[in-house]
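Since the structure comes first, as C-alpha coordinates, the remarks are kept for the end.
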Amino acid sequence: MSGTPGARITSLIGNPRSASRTHRLARTLAAAIAEELQAEDPGEVDLAALGPRLLDPGDDAIDAAEQQVLSADVLVVASPTYKASYSGLLKVFLDRFAAGALAPVRAVPILLGGAANHQLAVDVHLTPLLLELGAAVPARGLFVLERDLGGFPEAAAAWARAHARLLS
(Lines give C-alpha, C1' and ligand atoms only; values in the text may rest on other atoms or scores of the structure.)
Protein backbone atom coordinates (compact mmCIF):
# COMPACT_ATOMS: atom_id res chain seq x y z
CA MET A 1 0.00 0.00 0.00
CA SER A 2 1.13 3.49 -0.73
CA GLY A 3 -0.55 5.54 1.94
CA THR A 4 -1.76 9.07 1.56
CA PRO A 5 -3.49 9.55 4.91
CA GLY A 6 -5.93 12.41 4.86
CA ALA A 7 -6.27 12.44 1.07
CA ARG A 8 -9.65 13.77 0.02
CA ILE A 9 -11.37 11.57 -2.53
CA THR A 10 -14.60 12.72 -4.10
CA SER A 11 -16.88 11.12 -6.67
CA LEU A 12 -18.64 13.37 -9.16
CA ILE A 13 -21.60 11.48 -10.59
CA GLY A 14 -23.14 12.78 -13.79
CA ASN A 15 -26.10 10.46 -14.13
CA PRO A 16 -29.48 12.25 -14.15
CA ARG A 17 -30.95 9.44 -12.02
CA SER A 18 -30.13 9.10 -8.32
CA ALA A 19 -29.03 5.71 -7.04
CA SER A 20 -28.01 4.72 -10.57
CA ARG A 21 -25.58 2.03 -11.66
CA THR A 22 -23.17 4.86 -12.50
CA HIS A 23 -23.45 6.06 -8.92
CA ARG A 24 -22.67 2.57 -7.63
CA LEU A 25 -19.70 2.33 -10.01
CA ALA A 26 -18.25 5.65 -8.82
CA ARG A 27 -18.79 4.82 -5.17
CA THR A 28 -17.11 1.41 -5.60
CA LEU A 29 -14.06 2.83 -7.36
CA ALA A 30 -13.70 5.73 -4.91
CA ALA A 31 -13.85 3.32 -1.96
CA ALA A 32 -11.20 1.09 -3.53
CA ILE A 33 -8.93 4.08 -4.13
CA ALA A 34 -9.49 5.34 -0.57
CA GLU A 35 -8.62 1.94 0.86
CA GLU A 36 -5.47 1.67 -1.23
CA LEU A 37 -4.33 5.19 -0.34
CA GLN A 38 -5.33 4.74 3.32
CA ALA A 39 -7.41 7.88 2.87
CA GLU A 40 -10.49 9.14 4.65
CA ASP A 41 -13.94 8.02 3.51
CA PRO A 42 -14.76 9.38 0.05
CA GLY A 43 -17.25 12.17 -0.42
CA GLU A 44 -19.54 12.55 -3.38
CA VAL A 45 -21.35 15.07 -5.50
CA ASP A 46 -24.44 13.48 -7.06
CA LEU A 47 -25.60 15.83 -9.80
CA ALA A 48 -28.99 14.11 -10.01
CA ALA A 49 -29.79 15.52 -6.58
CA LEU A 50 -28.99 19.04 -7.81
CA GLY A 51 -30.93 18.86 -11.10
CA PRO A 52 -32.19 22.19 -12.44
CA ARG A 53 -30.39 24.08 -9.67
CA LEU A 54 -27.26 23.66 -11.82
CA LEU A 55 -28.56 26.51 -13.98
CA ASP A 56 -28.82 28.93 -11.05
CA PRO A 57 -25.51 30.82 -10.79
CA GLY A 58 -26.13 31.79 -7.16
CA ASP A 59 -27.37 28.52 -5.70
CA ASP A 60 -25.68 27.69 -2.38
CA ALA A 61 -25.88 23.90 -2.88
CA ILE A 62 -24.17 24.22 -6.27
CA ASP A 63 -21.50 26.46 -4.77
CA ALA A 64 -20.89 23.84 -2.07
CA ALA A 65 -20.65 21.10 -4.71
CA GLU A 66 -18.11 23.17 -6.64
CA GLN A 67 -16.04 23.67 -3.49
CA GLN A 68 -16.13 19.96 -2.72
CA VAL A 69 -14.82 19.17 -6.22
CA LEU A 70 -12.15 21.86 -5.98
CA SER A 71 -10.94 20.58 -2.60
CA ALA A 72 -10.55 16.97 -3.76
CA ASP A 73 -7.12 15.42 -4.09
CA VAL A 74 -8.54 12.60 -6.22
CA LEU A 75 -11.75 13.12 -8.20
CA VAL A 76 -13.59 10.12 -9.65
CA VAL A 77 -15.68 11.54 -12.51
CA ALA A 78 -18.40 9.09 -13.54
CA SER A 79 -21.06 9.27 -16.22
CA PRO A 80 -23.20 6.96 -18.28
CA THR A 81 -22.28 6.94 -21.94
CA TYR A 82 -24.78 9.05 -23.89
CA LYS A 83 -24.42 9.42 -27.64
CA ALA A 84 -20.84 8.11 -27.44
CA SER A 85 -19.89 10.73 -24.84
CA TYR A 86 -20.66 11.78 -21.25
CA SER A 87 -23.95 13.16 -19.96
CA GLY A 88 -25.12 16.71 -20.55
CA LEU A 89 -25.73 17.02 -16.82
CA LEU A 90 -22.03 16.49 -16.17
CA LYS A 91 -21.12 18.97 -18.89
CA VAL A 92 -23.42 21.66 -17.45
CA PHE A 93 -21.75 21.30 -14.06
CA LEU A 94 -18.19 21.23 -15.38
CA ASP A 95 -18.89 24.29 -17.55
CA ARG A 96 -19.05 26.27 -14.30
CA PHE A 97 -15.28 25.82 -13.83
CA ALA A 98 -12.70 28.02 -15.52
CA ALA A 99 -9.92 26.51 -17.61
CA GLY A 100 -7.22 25.32 -15.22
CA ALA A 101 -9.48 25.44 -12.13
CA LEU A 102 -8.87 21.78 -11.28
CA ALA A 103 -5.06 22.13 -11.46
CA PRO A 104 -4.21 20.40 -8.18
CA VAL A 105 -6.72 17.56 -8.67
CA ARG A 106 -5.89 14.07 -9.94
CA ALA A 107 -8.92 12.86 -11.89
CA VAL A 108 -10.09 9.36 -12.72
CA PRO A 109 -12.63 9.42 -15.58
CA ILE A 110 -15.02 6.48 -15.78
CA LEU A 111 -17.89 5.83 -18.18
CA LEU A 112 -20.54 3.13 -18.00
CA GLY A 113 -21.76 1.88 -21.35
CA GLY A 114 -23.93 -0.71 -22.98
CA ALA A 115 -21.78 -1.39 -26.03
CA ALA A 116 -18.03 -1.92 -26.42
CA ASN A 117 -17.93 0.24 -29.55
CA HIS A 118 -18.14 3.31 -27.25
CA GLN A 119 -15.13 2.39 -25.10
CA LEU A 120 -12.94 5.14 -26.56
CA ALA A 121 -15.39 7.81 -25.39
CA VAL A 122 -13.72 8.03 -22.00
CA ASP A 123 -10.33 8.91 -23.52
CA VAL A 124 -11.59 10.85 -26.53
CA HIS A 125 -14.24 12.99 -24.81
CA LEU A 126 -14.13 12.96 -21.00
CA THR A 127 -10.37 12.95 -20.41
CA PRO A 128 -9.74 15.98 -22.67
CA LEU A 129 -12.43 17.94 -20.81
CA LEU A 130 -10.78 17.19 -17.47
CA LEU A 131 -7.37 18.13 -18.86
CA GLU A 132 -8.78 21.43 -20.17
CA LEU A 133 -9.98 22.14 -16.64
CA GLY A 134 -6.44 21.58 -15.38
CA ALA A 135 -6.88 18.20 -13.72
CA ALA A 136 -4.08 15.68 -13.96
CA VAL A 137 -5.29 12.40 -15.44
CA PRO A 138 -2.40 10.09 -14.55
CA ALA A 139 -3.98 6.89 -15.88
CA ARG A 140 -6.22 6.00 -18.80
CA GLY A 141 -9.89 6.35 -18.08
CA LEU A 142 -12.05 3.35 -17.35
CA PHE A 143 -14.89 2.18 -19.55
CA VAL A 144 -17.14 -0.38 -17.89
CA LEU A 145 -19.70 -2.39 -19.81
CA GLU A 146 -23.07 -2.81 -18.10
CA ARG A 147 -22.71 -6.59 -18.39
CA ASP A 148 -19.49 -6.40 -16.32
CA LEU A 149 -20.99 -4.59 -13.33
CA GLY A 150 -21.18 -7.75 -11.24
CA GLY A 151 -17.41 -8.18 -11.25
CA PHE A 152 -16.60 -4.50 -10.90
CA PRO A 153 -15.75 -4.49 -7.17
CA GLU A 154 -12.84 -6.86 -7.82
CA ALA A 155 -11.80 -4.95 -10.95
CA ALA A 156 -11.93 -1.64 -9.03
CA ALA A 157 -9.75 -3.03 -6.24
CA ALA A 158 -7.21 -4.34 -8.77
CA TRP A 159 -7.25 -1.02 -10.65
CA ALA A 160 -6.72 0.93 -7.42
CA ARG A 161 -3.78 -1.31 -6.43
CA ALA A 162 -2.19 -0.92 -9.85
CA HIS A 163 -2.60 2.88 -9.97
CA ALA A 164 -2.27 3.96 -6.32
CA ARG A 165 1.20 5.39 -6.77
CA LEU A 166 0.01 7.55 -9.67
CA LEU A 167 -2.86 8.90 -7.57
CA SER A 168 -0.93 9.61 -4.36
Side-chain angles (χ1 to χ4, degrees), residues 8-34 42-57 59-103 105-149 152-153 155-156 159-160 167:
R8 292 175 310 264
I9 300 167
T10 298
S11 294
L12 174 60
I13 300 111
N15 193 312
R17 284 182 282 147
S18 289
S20 65
R21 293 173 297 180
T22 307
H23 193 169
R24 193 171 67 232
L25 198 70
R27 190 177 272 171
T28 299
L29 183 58
I33 293 168
E44 64 184 38
V45 173
D46 184 2
L47 297 178
L50 300 172
R53 298 168 78 176
L54 287 167
L55 300 174
D56 182 351
D59 188 278
D60 291 340
I62 302 303
D63 291 343
E66 286 179 18
Q67 287 308 310
Q68 185 172 353
V69 166
L70 290 170
S71 68
D73 296 308
V74 177
L75 182 66
V76 174
V77 181
S79 174
T81 304
Y82 287 158
K83 309 291 188 234
S85 190
Y86 47 84
S87 72
L89 186 66
L90 181 62
K91 178 72 163 87
V92 166
F93 180 72
L94 291 175
D95 279 348
R96 298 174 67 95
F97 295 88
L102 297 181
V105 176
R106 290 171 304 287
V108 179
I110 182 168
L111 290 179
L112 176 64
N117 62 331
H118 295 294
Q119 67 186 356
L120 291 177
V122 70
D123 291 321
V124 172
H125 299 292
L126 186 51
T127 297
L129 173 61
L130 296 170
L131 291 170
E132 171 66 21
L133 294 175
V137 182
R140 288 194 67 182
L142 292 114
F143 183 83
V144 179
L145 287 169
E146 292 171 355
R147 68 174 179 243
D148 296 333
L149 282 171
F152 187 70
W159 189 95
L167 297 172

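Everything numeric here is computed off the predicted structure, so don't read it as measured data. For reference, positions follow the sequence shown, starting with 1.
Put simply, the side chain of Ser87 does not reach to within 4.5 Å of the side chain of Asn15, judged on heavy atoms. Side chains of Val92 and Leu89 form no contact here, defined as non-hydrogen atoms less than 4.5 Å apart. Side-chain contact between Leu70 and Leu102 is present, with at least one heavy-atom pair separated by less than 4.5 Å. You'll find the side chain of Asp63 reaches within 4.5 Å of the side chain of Arg96, heavy atoms only. The closest side-chain heavy-atom distance from Leu50 to Ile62 is below 4.5 Å. Residues Leu142 and Val122 have side chains not in contact (no heavy-atom distance under 4.5 Å, counting atoms from C-beta outward). With contacts defined as side-chain heavy-atom distances shorter than 4.5 Å, the pair Thr10/Leu12 does not qualify.
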Before you tell me yes or no, could you show the steps for Arg24 and Arg27 under side chain to side chain contact (heavy atoms under 4.5 Å, CB included), namely the whole-Å CA-CA distance, both residues' side-chain angles and the distance that decides it to 0.1 Å? CA-CA 5 Å; Arg24 193 171 67 232; Arg27 190 177 272 171; 5.7 Å; no
Checking Asp148 against Phe143 for the side chain to side chain contact (heavy atoms under 4.5 Å, CB included) test, could you report, in this order, the C-alpha distance in whole Å, the side-chain angles of both residues, the deciding distance, and whether it holds? CA-CA 10 Å; Asp148 296 333; Phe143 183 83; over 6 Å; no
Could you check Leu25 against Leu149 for side chain to side chain contact (heavy atoms under 4.5 Å, CB included), going step by step and ending with a plain yes or no? CA-CA 8 Å; Leu25 198 70; Leu149 282 171; 3.6 Å; yes
Apply side chain to side chain contact (heavy atoms under 4.5 Å, CB included) to His23 and Asp46, showing your working. CA-CA 8 Å; His23 193 169; Asp46 184 2; 3.5 Å; yes
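For the pair Ala84 and Ala121, the tightest heavy-atom approach, listed with the atom from each and the gap, is O-CB, 3.3 Å. The minimum heavy-atom distance between Val45 and Ala65, with the atom names listed, is CG1-CB, 3.7 Å. In terms of heavy-atom proximity, Gly141 sits nearest to Asp123 at N-OD1, 3.2 Å. When all heavy atoms of Thr127 and Pro109 are compared, the pair lying nearest together is OG1-CG, 3.4 Å. Residue Ala107 comes nearest to Pro138 through the heavy atom pair O-CD, 3.8 Å, listed as atom of the first residue, atom of the second, then distance. Heavy atoms only, all atoms of each residue included: Ser11 and Ala26 are closest at OG-O, 3.4 Å.
Between Asp60 atom CG and Gln67 atom CD the span is 11.5 Å, to the nearest 0.5 Å. Atom CG of residue Leu94 and atom OH of residue Tyr86 lie 7.5 Å apart, to the nearest 0.5 angstrom. Remark: Lys83 NZ to His125 NE2 distance equals 13.5 Å, nearest 0.5 Å. Rounding to the nearest 0.5 Å places CG of Leu111 at 11.0 Å from CG of Leu145. In this structure, CD1 in Ile110 is found 4.0 Å from CZ in Phe152, a value given to the nearest 0.5 Å. Note that CD1 of Ile9 is 9.0 Å distant from CZ of Arg106, once rounded to the nearest 0.5 Å.
Counting non-hydrogen atoms of other residues, nucleotides and ligands closer than 6.0 Å to CD of Glu132 gives a total of 12 or fewer.
Without hydrogens or angle criteria, Ser71 side chain to Gln68 main chain gives a donor-acceptor distance under 3.5 Å.
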